[in-house]
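In what follows, a single structure is set out as structure tokens and then discussed.
Labels below follow one simple rule: chain letters A, B, ... track the order of the sequence lines, proteins then strands, and each chain is numbered from 1.
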There are 2 protein chains.
Amino acid sequence: MSPTHNGITELSSTCAAAPDGGRAVRETLDRIGDKWSLLVIGTLGLSGPLRFTTLARQIPGISQRMLTLTLRHLERDGLLTRTAYAEIPPRVEYELTPLGESLRDIAVELAQWANDNMDRIEASRREFDTL
Amino acid sequence: MSPTHNGITELSSTCAAAPDGGRAVRETLDRIGDKWSLLVIGTLGLSGPLRFTTLARQIPGISQRMLTLTLRHLERDGLLTRTAYAEIPPRVEYELTPLGESLRDIAVELAQWANDNMDRIEASRREFDTL
DNA sequence: CTGTATCCCGATAGATACTG
DNA sequence: CAGTATCTATCGGGATACAG
């Protein structure tokens, strides 16, 4: 372990990669690293409170099952709240908690990065595959 | 927003977290959202260039197979470089590209967030489970 | 409208053994 | 040292049907 790399001093304190062997990172990725969580968070963060069907429409390709599961997990982790109104027809609204909003900010950065570098990644992949 | 979608679609540009319907986010998560990629990126970002075995030691729990696969994928996407030296015994060094380092910066933020909020998440989860 | 309950398949990843 | 080759177990997630 030779910390000879320059300009990474701010990392050593919290060690982004493995402060605890990577457990916290892994735990986090296990929640938001799945197929839909980040998109749900991003969508709610943009539009504010949304009901189930609206959410489903705004996230093309998601199944009822996966939307339900994703919402339950995020609710369980305190990233969003679920509010059911006793009406007919039933109405349920999902809304980000402050905790969820803070994660959304990172999600936005990740999305930005993805958009900014997608072409480069695609190019790199094509080149790699031709070799 | 267009309610007509078929398969992998595009979402309106109104979604800050997913300007392209989440395709870029999904693509990115498909690379770094797996079990080991972020840890590899973080470790390389912290320690600088590392060889295979050193990397394996710094990431407890990873198997040879998964380390190899993860490195190949990251190399393919242009996030790190692989340099083999014709020596005996053989030596191979992995190093982040600038692109990889830019992603690492986001990984750091995510890790930070994870560390800062892990307790809150755990608490929320326990409460959710008791209800 | 807002979910649950099953069935099922392909991808992911762990363990193990072998190699240049 | 730095991988590759298999085999296998698990599991996320899609399709579908049903329900409160």
Side-chain angles (χ1 to χ4, degrees), chain A residues 21-23 25-40 43-44 49-77 80-95 128 131, chain B residues 3 5-9 22-23 25-27 29-40 43-44 49-77 80-95 128 131:
Chain A
R23 205 176 132 279
V25 191
R26 293 297 336 290
E27 295 265 321
T28 305
L29 280 176
D30 283 346
R31 343 241 128 244
I32 65 138
D34 65 11
K35 197 168 181 179
W36 303 108
S37 290
L38 214 50
L39 285 175
V40 169
T43 303
L44 282 178
L50 290 179
R51 51 198 301 182
F52 189 87
T53 306
T54 314
L55 210 36
R57 267 188 289 110
Q58 302 222 9
I59 304 178
I62 198 171
S63 62
Q64 272 194 338
R65 174 183 135 88
M66 289 319 297
L67 182 54
T68 302
L69 286 177
T70 303
L71 288 170
R72 286 294 171 281
H73 289 146
L74 295 176
E75 184 194 2
R76 179 170 182 259
D77 291 344
L80 56 77
T81 57
R82 176 184 186 274
T83 310
Y85 299 90
E87 305 173 352
I88 293 180
R91 178 167 59 102
V92 178
E93 286 202 332
Y94 296 92
E95 181 173 18
F128 186 92
L131 300 185
Chain B
H5 299 295
N6 45 352
I8 302 171
T9 62
R23 196 170 83 70
V25 190
R26 292 299 337 288
E27 295 264 321
L29 280 176
D30 283 345
R31 344 243 125 240
I32 65 139
D34 64 14
K35 197 167 181 179
W36 302 108
S37 290
L38 212 52
L39 285 175
V40 169
T43 303
L44 283 178
L50 290 179
R51 50 199 302 181
F52 189 88
T53 306
T54 313
L55 210 36
R57 266 188 288 108
Q58 302 222 10
I59 304 177
I62 197 171
S63 63
Q64 272 195 338
R65 176 183 133 87
M66 290 319 296
L67 181 53
T68 301
L69 285 177
T70 303
L71 288 170
R72 287 292 171 282
H73 289 147
L74 295 176
E75 183 194 2
R76 178 170 183 259
D77 291 343
L80 56 78
T81 58
R82 176 184 185 273
T83 311
Y85 298 90
E87 303 172 354
I88 294 180
R91 178 167 59 101
V92 178
E93 288 203 332
Y94 295 91
E95 183 174 16
F128 185 92
L131 299 184

Terminal contacting nucleotides, 5' and 3', DNA chain D versus chain A (heavy atom, 4.0 Å): D:dG13 to D:dG20
Length of the line joining A:L69:CG and C:dA5:P, which is rounded to integer Å: 11 Å
Here the distance between atom P of C:dC1 and atom CG of A:L50, to the nearest Å, is 15 Å
Please list, chain by chain and in numerical order, all residues satisfying salt bridge (charged side-chain N to carboxylate O under 4.0 Å, His left out) with A:R91, sequence neighbours excluded. A:E87, A:E93
Name the atoms and distances for all side-chain donor-acceptor pairs under 3.5 Å in residues 59-70 of chain A, with sequence neighbours left out.
| from | atom 1 | to | atom 2 | distance (Å) |
| --- | --- | --- | --- | --- |
| A:S63 | OG | A:M66 | N | 3.2 |
| A:T68 | OG1 | A:Q64 | O | 2.9 |
| A:T70 | OG1 | A:M66 | O | 2.6 |

Side-chain donor-acceptor pairs under 3.5 Å in residues 33-40 of chain B, sequence neighbours left out?
| from | atom 1 | to | atom 2 | distance (Å) |
| --- | --- | --- | --- | --- |
| B:D34 | OD1 | B:W36 | N | 3.2 |
| B:D34 | OD1 | B:S37 | N | 2.9 |
| B:D34 | OD1 | B:S37 | OG | 2.8 |
| B:D34 | OD2 | B:S37 | OG | 2.9 |
| B:S37 | OG | B:R31 | O | 2.9 |

Over the length of the helix from C:dC1-D:dG20 to C:dG20-D:dC1, how much do the five-pair end axes diverge, rounded to 10 degrees? 50°
Rounded distance [0.5 Å steps], OG1 in A:T43 versus CZ in A:R57: 12.5 Å
Interatomic distance, OG1@A:T83 vs CD@A:E75, rounded to 0.5 Å, equals 9.0 Å
Under the rule for side-chain contact (heavy atoms from CB on, under 4.5 Å), what residues qualify as partners of A:A84, not counting sequence neighbours? A:R82, A:V92
Atom CG of A:D34 and atom C1' of C:dA11 are separated, to the nearest Å, by 15 Å
Applying a 4.0 Å non-hydrogen cut-off, can you work out what A:T68 is touching in the nucleic acid: base, sugar-phosphate, or nothing? base
Minimum heavy-atom distance B:L80-B:Y94, with the two atoms named: CD1-CD2, 3.9 Å
Contact list for DNA chain D against residues 85-94 of chain B - heavy-atom distance below 4.0 Å: B:P89, B:P90, B:R91, B:V92, B:Y94
Start with the C-alpha gap between A:L71 and A:L55, add the side-chain angles, then the distance that decides, and say whether side-chain contact (heavy atoms from CB on, under 4.5 Å) holds. CA-CA 10 Å; A:L71 288 170; A:L55 210 36; 3.9 Å; yes
Taking atom P of C:dA13 as reference, at what distance in whole Å does atom CD1 of B:I59 sit? 13 Å
Hey, what are the protein-to-nucleotides 14-18 of chain C N/O distances that come in under 3.5 Å?
| from | atom 1 | to | atom 2 | distance (Å) |
| --- | --- | --- | --- | --- |
| C:dG14 | OP1 | B:K35 | NZ | 2.4 |
| C:dG14 | OP2 | B:W36 | NE1 | 3.3 |
| C:dG14 | N7 | B:R65 | NE | 3.4 |
| C:dG14 | O6 | B:R65 | NE | 3.2 |

